[in-house]
There are 2 protein chains.
Amino acid sequence: MQAPQRRPAPETETELQQRYHSLAGQRIADIAGELHWPVPDNLHSNKGWQGQLLEAALGCDAASKSEPDFTLLDIELKTIPIDSHGKVLESTYVCIVPLSHTPADAWQHSCAYKKLKRVLWIPLMSESVDIAERIIGTAILWTPTTQQMAMLQSDWQEFTSMINLGQLQDITSKHGDALQIRPKGADAKALSETINAQGETIQTMPRGYYLRPGFTQNILKSCLY
Amino acid sequence: MQAPQRRPAPETETELQQRYHSLAGQRIADIAGELHWPVPDNLHSNKGWQGQLLEAALGCDAASKSEPDFTLLDIELKTIPIDSHGKVLESTYVCIVPLSHTPADAWQHSCAYKKLKRVLWIPLMSESVDIAERIIGTAILWTPTTQQMAMLQSDWQEFTSMINLGQLQDITSKHGDALQIRPKGADAKALSETINAQGETIQTMPRGYYLRPGFTQNILKSCLY
DNA sequence: CAGGATCCACGTGTGGATCCTA
DNA sequence: TAGGATCCACACGTGGATCCTG
């Protein structure tokens, strides 16, 4: 009957490593128990619950926007659902797509770049229907290879150019090799502003950048056995 | 033990008139009782409570920003605290002050103009410490006279020019004849962005436009006996 | 199986204003 | 007495992601 807790922020990368090593092999129930978090029966009514639990367990301190989760270490945390064969089960949300006036040469100042330049991936065996019994995998602290970074930048620049030309409506989830753009909002009625090809302001559904499963699969592949 | 209620939006000005006529002379307790709103002992912990009660009683439908409270009728609602002699006891909050890039020629597109071009004033005898026993006065549906509108516009344009020149720091509550600028935020630590005289972006306290008591006193004067 | 739709938490900002002290 | 400070409610947007049909 204690209040939910969270751990303090790690101050060094070594400290962070110790923590995520200690998580590997644990069940969600173990981690939730230590922090006094009640485990829900399913995720229908809080799809981000597992991610938030792991943030609390590792001591993420960014409640703020567009900041990496570990502000001191400049590292982003992502939980990634996999099956028992190590196969990635979902795409990974990165950040919202800015729909107005983004300089297309500003990749290194973009939200997507900041989120992806260094990521701690926590694989989560998600085949068990029972959330409590799901097992944490071996975490990977990833920095994109030159090739991977080039793919991301290339996709991002194409998307950004199209949006600046008012062609957002022409972008589908099929575009992009590593990144894709998909809806992101409360529901299909949510609205944001952008411009059309005539430069007029119009209302449209908010979108997010997502990493394709194939891309994240490649990141994890080297480390699964 | 019923849930708090609110009335539907009035569809015509006549309907609105009927409603606010029926409020005159009633106690806060009467109105709150009909809507099943519990009356607080004081306003320390919800300074806007009375205004929100009257919004519910009259059927304001704008939960949205920068819209008049009665969206169909394009009318704004303001409760105004007075003493037993009809003296206005407080300044009246209008809207927040935009701290970046407002064209100084855009008075008629400004938030302040939209809020003030037609206002239903509900005087509230506020000398009683007992909130429940406070009495609603005779409401006034006001459109600014040419003179009043000129004062408002003049004040607004001077403020807007100064802000665009980066002189926000030089504006005090002493400036302005009808309007004044005062702090508006959670507390003294709240921050917004503006520019200084060198054009650099700086952090400053958020501000609001307020009507001086003398100005609202003149509006009410013609109708009090 | 993947594109389109959706769900909760929570921080922030605006709208409703009044409080409080020099 | 009025200028500066402050209080709550609630809508909205972003961050955490997964759901669910053709």
Side-chain angles (χ1 to χ4, degrees), chain A residues 40 42-56 60 62-67 69 76-81 87 89-97 111 115 124 126 131 172-175 180-192 205-208 210 212-214, chain B residues 40 42-56 60 62-67 69 76-81 87 89-97 111 115 124 126 131 172-175 180-192 205-208 210 212-214:
Chain A
N42 60 64
L43 300 177
H44 292 228
S45 295
N46 199 348
K47 299 179 179 176
W49 185 85
Q50 296 174 140
Q52 282 151 0
L53 174 67
L54 290 171
E55 285 189 345
C60 293
S64 32
K65 314 173 192 169
S66 307
E67 290 293 312
D69 294 308
E76 173 75 14
L77 177 67
K78 291 287 178 198
T79 59
I80 176 102
K87 185 182 170 195
L89 296 174
E90 289 283 357
S91 57
T92 302
Y93 171 70
V94 178
C95 60
I96 65 155
V97 177
C111 173
K115 292 278 190 181
L124 182 56
S126 299
I131 306 292
T172 77
S173 321
K174 278 112 185 156
H175 289 81
Q180 65 176 173
I181 285 184
R182 297 221 312 280
K184 169 64 176 168
D187 54 42
K189 286 133 256 155
L191 290 177
S192 293
M205 171 186 312
R207 324 287 169 109
Y210 294 79
R212 292 185 177 282
Chain B
N42 59 65
L43 301 177
H44 291 228
S45 293
N46 197 350
K47 298 180 180 176
W49 186 86
Q50 299 174 137
Q52 282 151 1
L53 174 67
L54 290 171
E55 285 189 346
C60 293
S64 32
K65 315 175 196 172
S66 305
E67 291 294 311
D69 294 309
E76 173 75 14
L77 178 65
K78 289 289 177 196
T79 59
I80 176 102
K87 184 181 171 197
L89 294 174
E90 286 284 357
S91 58
T92 302
Y93 171 70
V94 178
C95 61
I96 64 154
V97 177
C111 173
K115 292 279 190 179
L124 182 57
S126 298
I131 306 292
T172 77
S173 319
K174 278 115 185 155
H175 290 82
Q180 64 176 172
I181 287 183
R182 298 222 311 280
K184 168 65 174 166
D187 55 41
K189 286 132 253 157
L191 290 177
S192 294
M205 172 186 311
R207 324 288 169 110
Y210 294 79
R212 291 186 177 280

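Chain A is the first sequence line, chain B the second, and so forth, proteins listed ahead of strands; every chain is numbered from 1. Basis for what follows: all heavy atoms, side chains included, without hydrogens, waters or symmetry-related copies.
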TODO: Measure from the side chain of B:I96, starting at C-beta and using heavy atoms only, and say which of C:dG4, C:dG15, D:dG4 lies closest.
DONE: C:dG15
Task: A:K78 side-chain N/O to A:Y93 backbone N/O, donor-acceptor pair under 3.5 Å - done: yes
Open item on the list: Is B:Q50 close enough to C:dA17 that one of its side-chain N or O atoms is under 4.0 Å from OP1 or OP2 there?
Closed with: no
- [ ] Establish, with yes or no, whether the OP1 or OP2 oxygen of D:dG4 is under 4.0 angstrom from a side-chain nitrogen or oxygen of B:R207.
- [x] no
Under 3.5 Å, which protein N or O atoms sit close to an N or O of nucleotides 6-9 of chain C? Give each pair with its distance.
unit_1, atom_1, unit_2, atom_2, d
C:dT6, OP2, A:A188, N, 2.6
C:dT6, O2, A:K47, NZ, 2.6

Task: Nucleotide of D:dG16, D:dG4, C:dA17 approaching B:Y93 most closely (side-chain heavy atoms) - done: C:dA17
Task: Short side-chain N/O contact to C:dG16 OP1/OP2 from B:K78, under 4.0 Å - done: yes
Open item on the list: For the CD atom of B:E55 and the CG atom of B:L77, what is their distance to the nearest 0.5 Å?
Closed with: 6.0 Å
Open item on the list: For a quick check of understanding: with a heavy-atom distance under 4.0 Å over all strands, which category does B:T79 fall into, base, sugar-phosphate or nothing?
Closed with: sugar-phosphate
TODO: Mind calculating the distance between CD1 (A:I131) and C1' (D:dT18) to the nearest angstrom?
DONE: 10 Å
- [ ] Measure the CE-NZ distance between A:M205 and A:K184 for me, rounded to the nearest 0.5 Å.
- [x] 13.0 Å
Open item on the list: To the nearest 0.5 Å, what is the distance between CD on A:Q50 and CD1 on A:I131?
Closed with: 5.0 Å
Task: Distance, rounded to the nearest Å, where B:K87 contributes NZ and D:dA2 contributes P - done: 7 Å
Task: Between C1' of C:dG15 and NZ of B:K115, the distance in whole Å - done: 7 Å
Task: Side chains of A:P40 and A:N46 in contact at under 4.5 Å (non-hydrogen atoms) - done: no
Open item on the list: So does A:Y210 get a backbone contact from the side chain of A:Q180, meaning a donor-acceptor N/O pair under 3.5 Å?
Closed with: no
Open item on the list: Once rounded to the nearest 0.5 Å, what's the spacing between atom CZ of B:R207 and atom CD1 of B:I96?
Closed with: 12.5 Å
Task: Residue closer to the 5' end of DNA chain C, B:P206 versus B:P81 (nearest nucleotide) - done: B:P206
Task: Contact nearer the 5' end of DNA chain C, comparing B:S192 with B:G51 - done: B:S192
